[in-house]
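Beneath this line is the structure, given in structure tokens, with notes to follow.
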There are 2 protein chains.
Amino acid sequence: MANGAMGTETKAGRKRPARGKTRRHDADEIGLDALVGHAGYAIRRFQLWIFQDFIKTLAAVDIRPTQYSVMTVIGANPGLSQMAVAKRLGIERARLVHLLDSLEGRKLVKRVKSRDDRRSHALHLTDPGQAALRQFKRLAAEHERHIAEKIGKENREKLLQILAGFT
Amino acid sequence: MANGAMGTETKAGRKRPARGKTRRHDADEIGLDALVGHAGYAIRRFQLWIFQDFIKTLAAVDIRPTQYSVMTVIGANPGLSQMAVAKRLGIERARLVHLLDSLEGRKLVKRVKSRDDRRSHALHLTDPGQAALRQFKRLAAEHERHIAEKIGKENREKLLQILAGFT
DNA sequence: AAAGATTGTTGTTGACGACAACAATTGCTG
DNA sequence: CAGCAATTGTTGTCGTCAACAACAATCTTT
């Protein structure tokens, strides 16, 4: 925190200071100081970036990260109940209802009444849903390449390794 | 965090498993498959965990991550305009309005009308705000220690290094 | 002085997490 | 076996947050 730009002075002078050693807060030279070194802050910014890139990269198919994760899990584990999917992805089952409403409305996913437990629904991808998921995965792979370009291939892998416990 | 991995394995005498076409899954054995290897997913889960720990660790002082970042930047750069703070932290200036309303209502931050540019406000910490921020930083440091315990000290540093470009 | 840009503000929209309540159904226990 | 507790899907509310849009007041530019 011992950055030189710390304010002993309290005058604003942001507009057009005399070109000198006067502090210029004008541009992107604002010191974050203590914020650097906070993992949460870096993670937050990075996640923002990632989600935006994901959304942009998959904009043509109109799929958001959460929708993608839901379809991926269902595709890999057909017949799961909503509860199981929600628990596995760490989302509320109340929230999953809306997600599935949307995906089902687009004929990508179907809820099949389970015979084993008549409370629950067995979730499956529709045939077009499976085809769509394959395309989503291709686009998601492109998105991953964007990440690799951004932070470096080996850094991305190191990151995945560090955070493997959170999946 | 979700903590979906709990001991269902000790449960005995389940209903007859996997007899028909639909496979039954225990909660623990659901494969994420393609989701593993997606940086965004790991980051999302990790950020959730971090924010919850931050909120919990600073619950006694009722400060959330964004509020903390705002106060930190103002404390390190007194006199900044709202626009400058918003741009530096990557938050909407519309959102910053509410954040400052709250912080100002708690007498932690004050908006001083700038004489240089009468549209803008020069942001400062109040005296109690400065004292409070010092305590917040102590608690935030404790939160960082929780992260280090979670992923390992060296992993946390590696992570900070990888994501340094996003601050 | 007029036109255009910036700053703070208000408001809206939508995604999202956290809860609470509820009906239907299942499981457990006495 | 009956009855009560737990689970599942659903609906609804609340609060946070990002992304826009519009606006008045105020610079800046021409």
Side-chain angles (χ1 to χ4, degrees), chain A residues 12 14-16 25-26 44-45 47-56 58-59 62-70 80-87 89-104 109 111-123, chain B residues 1-4 6 8 11-16 24 27 40 44-45 47-52 54-56 59 62-70 80-87 89-102 104 109 111-123:
Chain A
R14 177 200 62 273
K15 184 173 68 174
R16 221 216 107 160
H25 272 153
D26 218 5
R44 168 180 168 266
R45 299 293 298 255
Q47 206 229 310
L48 251 295
W49 185 92
I50 286 190
F51 268 50
Q52 288 185 197
D53 184 86
F54 188 100
I55 292 169
K56 188 167 46 180
L58 279 86
D62 191 26
I63 286 290
R64 316 190 93 257
T66 313
Q67 296 174 312
Y68 176 79
S69 70
V70 169
L80 281 189
S81 70
Q82 299 186 192
M83 190 61 207
V85 171
K87 202 185 298 184
L89 289 177
I91 60 187
E92 299 262 331
R93 65 188 199 275
R95 166 129 187 75
L96 187 58
V97 172
H98 301 298
L99 286 166
L100 289 175
D101 286 350
S102 162
L103 293 175
E104 200 173 29
V109 166
R111 287 187 249 224
V112 180
K113 301 190 69 170
S114 169
R115 216 167 44 268
D116 300 328
D117 186 338
R118 282 152 59 198
R119 294 169 301 181
S120 68
H121 293 155
L123 301 175
Chain B
M1 143 147 257
N3 193 8
M6 306 197 0
T8 14
K11 179 184 308 191
R14 197 151 189 274
K15 211 166 173 187
R16 78 200 66 156
R24 298 278 309 181
R44 167 179 167 268
R45 301 290 299 255
Q47 206 227 305
L48 251 296
W49 185 90
I50 286 189
F51 266 50
Q52 290 186 198
F54 187 100
I55 292 171
K56 187 166 45 179
D62 191 26
I63 286 290
R64 316 190 86 254
T66 313
Q67 296 175 313
Y68 176 78
S69 70
V70 169
L80 282 188
S81 71
Q82 298 185 192
M83 189 63 206
V85 170
K87 200 184 301 182
L89 289 177
I91 61 186
E92 299 262 330
R93 63 188 200 277
R95 165 137 185 71
L96 187 58
V97 172
H98 301 299
L99 286 167
L100 289 175
D101 286 349
S102 162
E104 200 172 29
V109 167
R111 287 187 251 226
V112 180
K113 301 192 67 168
S114 169
R115 247 176 341 289
D116 300 327
D117 185 340
R118 280 154 57 201
R119 294 169 301 180
S120 69
H121 294 154
L123 301 175

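We name chains A, B, ... by the order of the sequence lines, and we start the count at 1 in each one.
- Taking atom CZ of residue A/Phe51 and atom P of nucleotide D/dT16, one finds them 20 Å apart after rounding to whole Å.
- Residues passing the salt bridge (Lys or Arg N to Asp or Glu O under 4.0 Å) test with B/Arg44: none are found, sequence neighbours excluded.
- Going from atom CG of A/Asp116 over to atom CZ of A/Arg118 covers 11.5 Å, rounded to the nearest 0.5 Å.
- For the OP1/OP2 pair of C/dT9 and a distance below 4.0 Å, the side-chain nitrogens and oxygens of B/Arg111 include at least one atom meeting the criterion.
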Distances under 3.5 Å between nitrogen or oxygen atoms of protein and nucleotides 18-21 of chain D:
| unit_1 | atom_1 | unit_2 | atom_2 | d |
| --- | --- | --- | --- | --- |
| D/dA18 | OP1 | A/Arg44 | NH2 | 3.2 |
| D/dA18 | OP2 | B/Arg95 | NE | 3.4 |
| D/dA19 | OP1 | A/Gln52 | OE1 | 2.4 |

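- For the pair B/Met83 and B/Lys87, the minimum side-chain heavy-atom distance is below 4.5 Å.
- Residues B/Leu100 and A/Arg64 both approach DNA chain C. Their nearest nucleotides, taken by heavy-atom distance, put B/Leu100 toward the 5′ side.
- Contact check for A/Ser81 versus A/Leu123: no side-chain heavy atoms found under the 4.5 Å cut-off.
- Spacing between atom CG of B/Leu96 and atom P of C/dT6 amounts to 18 Å, rounded to whole angstrom units.
- Distance, A/Arg45 CZ to D/dC17 P: 15 Å, rounded to whole Å.
- Of the inter-residue distances, the one linking B/Leu100 atom CG with B/Arg93 atom CZ reads 13.5 Å to the nearest 0.5 angstrom.
- Look at A/Gln82 and you'll find a side-chain N or O under 4.0 angstrom from OP1 or OP2 of D/dT10.
- A/Arg95 meets the side chain to side chain contact (heavy atoms under 4.5 Å, CB included) test with A/Glu92, A/Leu99; sequence neighbours excluded.
- Taking atom CZ of B/Arg118 as the reference point, atom C1' of C/dT7 lies 13 Å away to the nearest angstrom.
- Of the listed nucleotides (C/dT9, D/dT8, C/dA15), D/dT8 has the atom at the smallest distance from the side chain of A/Asp117.
- With values rounded to the nearest 0.5 angstrom, A/Ile50 atom CD1 is found 11.0 Å from A/Gln52 atom CD.
- The nearest whole Å value for the distance from the CG atom in B/Leu99 to the P atom in D/dG15 is 16 Å.
- Under 3.5 Å, the side chain of A/Arg119 and the base of D/dT7 form at least one donor-acceptor pair of N or O atoms.
- The CE-P distance, from B/Met83 to D/dT26, rounds to 19 Å in whole Å.
- The interatomic distance linking A/Gln47 (CD) with D/dT16 (P) rounds to 19 Å, in whole Å.
- Taking atom CG of residue B/Leu80 and atom C1' of nucleotide C/dT6, one finds them 16 Å apart after rounding to whole Å.
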